[in-house]
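Presented below is the structure to which this report refers.
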Amino acid sequence: MSHSRKFISRSRPEPADPVHDGGVFFGFLCLLVWAPLPLGSNRVWAVGLLLLVAVALLGAAVWVWRGHIQLAQRRLTGFRFPVGLLAATVALSWFQVVPLPGAWVKALSPMAFVAQVGLESMTLSVDVFQSQIMAGLSFTYLCVFLLVVLCVRNAGRLDTVAQVLVWSGVLQAALGAVLFSVQAQYRIFFVDVSHTRMIGSYVYHNSLAGYLCMSLSLSLSLSLSLSLSLSVGVGLMLARLGDTPRTAPLWTAQLRAVIEFVLSPKMRLRLLLVIMVIALVLTRSRMGNTAFFVAMLVVGLAGVVLARKTAPQIIALIISLIVIDVLIVGTGVGLEKVVERIQDTELTDASGDKAESIQARTEAARTAIALVKDFPLVGSGGGSFYNVFLGYRTPAYGYTYVDHTHNDYVELASDFGLLGLGILGMLVALTLGTVRRVMARRRSVLPWGVAFGVAMAIVGLLLHSMVDFNLQIPANSLTIVVILAMGWIASELPSKRRHKNSSEVEVQP
């Protein structure tokens, strides 16, 4: 009985929410599902649509909150650090495209000054059009973060956002499976698309792999939350079995229990997780698969250390994922091909049928270091990389056209300078610190599970970004911004107190 009291919290009913923004919240959920559908929103018109909808939704949210100004101020105060850092990235993005005195440009970015000598007005960006698009995207991400802060005020809505992102990942897996099965090839939005690998609604398989890693992280967090909740529920059920009169044969009760388990939310969520793991394996993405499993193990170990009393559930979930999803399901859909690609990866230039070498994959990033050195403080302008990089290709590189570096860190540094990279790094570091505190101190199951998923998504994306450009795909960037916001919200949810008339399952660190 004493152990049950450690997990069950008694709390008074929360007061009624005075803000009625259900329509805004529904529109936000639709935006989350829509973002990856048009080629990952990686087209100018799709970026414009994202900006238009995000601004419209935020405007609607402000209208709804107009009678609760003090409540909104208190709400935003709890998120002042992430909002301030995102606002700083927006300010930097727009500062790059506004006309400035030549003396300012020369002081902040000498190479940008040299590139614009003779012009009447100068900007820090050497490709103003692309930088204006990136500035619009930066503002979109800030709007979306504010939408999450204003709309997701309770555990129910936080759970809904996680569920929607999981189902969006399943939609991408299902769409990709259908098109991959028929080896579809077509031209859409002036782009040739070939489904020789699992790519979903994206153009590039690694972009889908990055999105699936984020969806899988949230799926694991929900699975873990359910596992912790059900472990308590099962314990209470077993404790009451002796007091329950037997009115049916034992086999009937057992059959009913099996059917209830098969139809349970936990089983349904586990099935969705398996579907996304299959899709991730079929992308044949080396780092996408590696980043997911490394992140799962690293954050799983951190979860065991931070919440020792729930370690059995965490360990059981990770082991079952490895045994069932990887060894059994993964082998059936070709996991060995991903392993072979990783094993065939050479350090230096590959030959024959070998997979692309590490040297070849990192060539653009290593070449772009010179670009970062020339534009160290504020960069060459958001989105300007593929134009500016034309002047940095070397004969050894082969003068190959490159649109991205296959390294988000180098590309962000080249576009926004070390200042911009530092701001974003600080945002990620603060979020990781926040979710670590949630995992170490919070008792409620859902905030703990969401913190676990947020940490896993961040670690996975940090690893994947070393050799790919997920943060350059608007849908993926928007999704990770939402996930970062979920981590902060998990830390701000009211703590549950022990009272007599209601119960909530808790996790005991």
Side-chain angles (χ1 to χ4, degrees), residues 23-58 133-134 136-137 140-141 143-145 147-148 160-219 272 275-276 278-280 282-283 285 288 403-404 457 461 464 468-483 485-486:
V24 177
F25 182 61
F26 178 76
F28 163 70
L29 297 178
C30 292
L31 180 65
L32 289 185
V33 178
W34 162 259
L37 291 177
L39 305 181
S41 292
N42 195 26
R43 290 295 176 271
V44 175
W45 67 268
V47 170
L49 185 59
L50 284 182
L51 175 61
L52 178 64
V53 174
V55 171
L57 288 173
L58 183 59
I133 296 174
M134 190 59 67
L137 262 177
T140 300
Y141 302 147
C143 290
V144 168
F145 193 97
L147 274 172
V148 180
T160 299
V161 173
Q163 295 270 6
V164 167
L165 286 174
V166 170
W167 279 103
S168 180
V170 173
L171 174 62
Q172 287 295 319
L175 178 63
V178 171
L179 295 173
F180 175 67
S181 64
V182 297
Q183 299 286 288
Q185 297 193 27
Y186 50 86
R187 185 174 180 83
I188 184 172
F189 305 135
F190 309 105
V191 179
D192 292 320
V193 182
S194 178
H195 290 266
T196 55
R197 289 185 184 178
M198 179 76 76
I199 62 173
S201 61
Y202 291 82
V203 176
Y204 184 43
H205 63 279
N206 278 306
S207 299
L208 175 63
Y211 188 80
L212 288 175
C213 283
M214 292 184 283
S215 297
L216 276 165
S217 298
L218 293 178
S219 179
L272 300 182
I275 292 172
M276 286 189 286
I278 292 173
L280 180 60
L282 289 177
T283 63
S285 170
D403 54 351
H404 295 292
L461 197 61
H464 203 179
D468 262 303
F469 48 89
N470 278 293
L471 295 180
Q472 310 304 321
I473 307 300
N476 290 13
S477 290
L478 184 145
T479 301
I480 194 59
V481 166
V482 171
I483 290 175
M486 291 172 67

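Keep in mind that what you see is a predicted model, and the values were worked out from it rather than measured.
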How long is the gap from NE2 on His205 to OG on Ser194, to the nearest 0.5 Å? 12.0 Å

Are Leu165 and Met486 side-chain neighbours, meaning at least one heavy-atom pair lies under 4.5 Å? yes

Main-chain N/O of Ala35 paired with Ser41 side-chain donor or acceptor, under 3.5 Å: yes

Test Arg43 against Val191 for side chain to side chain contact (heavy atoms under 4.5 Å, CB included), laying out the working first. CA-CA 10 Å; Arg43 290 295 176 271; Val191 179; 2.5 Å; yes

Is any side-chain heavy atom of Leu461 closer than 4.5 Å to one of Cys213? no

To the closest 0.5 Å, what do you measure between CG (Leu208) and CG (Leu212)? 4.0 Å

Closest non-hydrogen contact found for Phe180 with Met198 is CD1-N, 3.9 Å

Tightest non-hydrogen contact, residues Val55 and Cys143, listed as CG2-SG, 4.1 Å

Step-by-step side chain to side chain contact (heavy atoms under 4.5 Å, CB included) determination, Leu32 to Phe28: CA-CA 6 Å; Leu32 289 185; Phe28 163 70; 3.8 Å; yes

Atom CD in Gln185, atom CG in Asp192: separation rounded to 0.5 Å? 9.0 Å

Nearest 0.5 Å please: distance from the CG atom of Leu57 over to the CG atom of Leu147. 5.5 Å

Taking the side chain as every heavy atom from C-beta outward, state whether Val53 and Trp34 have any pair of such atoms under 4.5 Å apart. no

To the nearest 0.5 Å, tell me how far Thr140 OG1 sits from Leu51 CG. 4.0 Å

In Å, rounded to the nearest 0.5 Å, how long is the span from CG of Asn42 to OH of Tyr204? 13.0 Å

When you look at Arg197 and Thr283, which way does the side chain to side chain contact (heavy atoms under 4.5 Å, CB included) test go after all the steps? CA-CA 6 Å; Arg197 289 185 184 178; Thr283 63; 6.0 Å; no

Might you point out which heavy atoms bring Val144 and Ala54 nearest each other, and give the distance in Å? CG2-CB, 4.2 Å

Distance-only donor-acceptor pairs under 3.5 Å for side chains of residues 470-483, two or more places apart:
unit_1, atom_1, unit_2, atom_2, d
Asn470, OD1, Asn476, ND2, 2.8
Asn470, ND2, His464, ND1, 3.1
Gln472, NE2, Asp408, OD1, 3.4
Asn476, OD1, Tyr202, OH, 2.7
Asn476, ND2, Ser207, O, 3.1
Ser477, OG, Leu471, O, 2.6
Thr479, OG1, Ala475, O, 2.7

For residues 161-180, which residue pairs pass the side-chain hydrogen bond (donor to acceptor under 3.5 Å, both in side chains) check, not counting sequence neighbours? Ser168-Tyr211, Gln172-Ser201

One pair to check against side chain to side chain contact (heavy atoms under 4.5 Å, CB included): Ile199 and Val193. What are the steps and the verdict? CA-CA 9 Å; Ile199 62 173; Val193 182; 3.6 Å; yes

For Phe189, the ring pair (Phe, Tyr, Trp, His ring centres under 6.0 Å) test, sequence neighbours excluded, returns Trp45

If you define the side chain from C-beta out and look only at heavy atoms, does anything of Val148 sit under 4.5 Å from Val161? no

Between Gly288 and Ala209, what is the shortest heavy-atom contact and its length? CA-CB, 4.2 Å

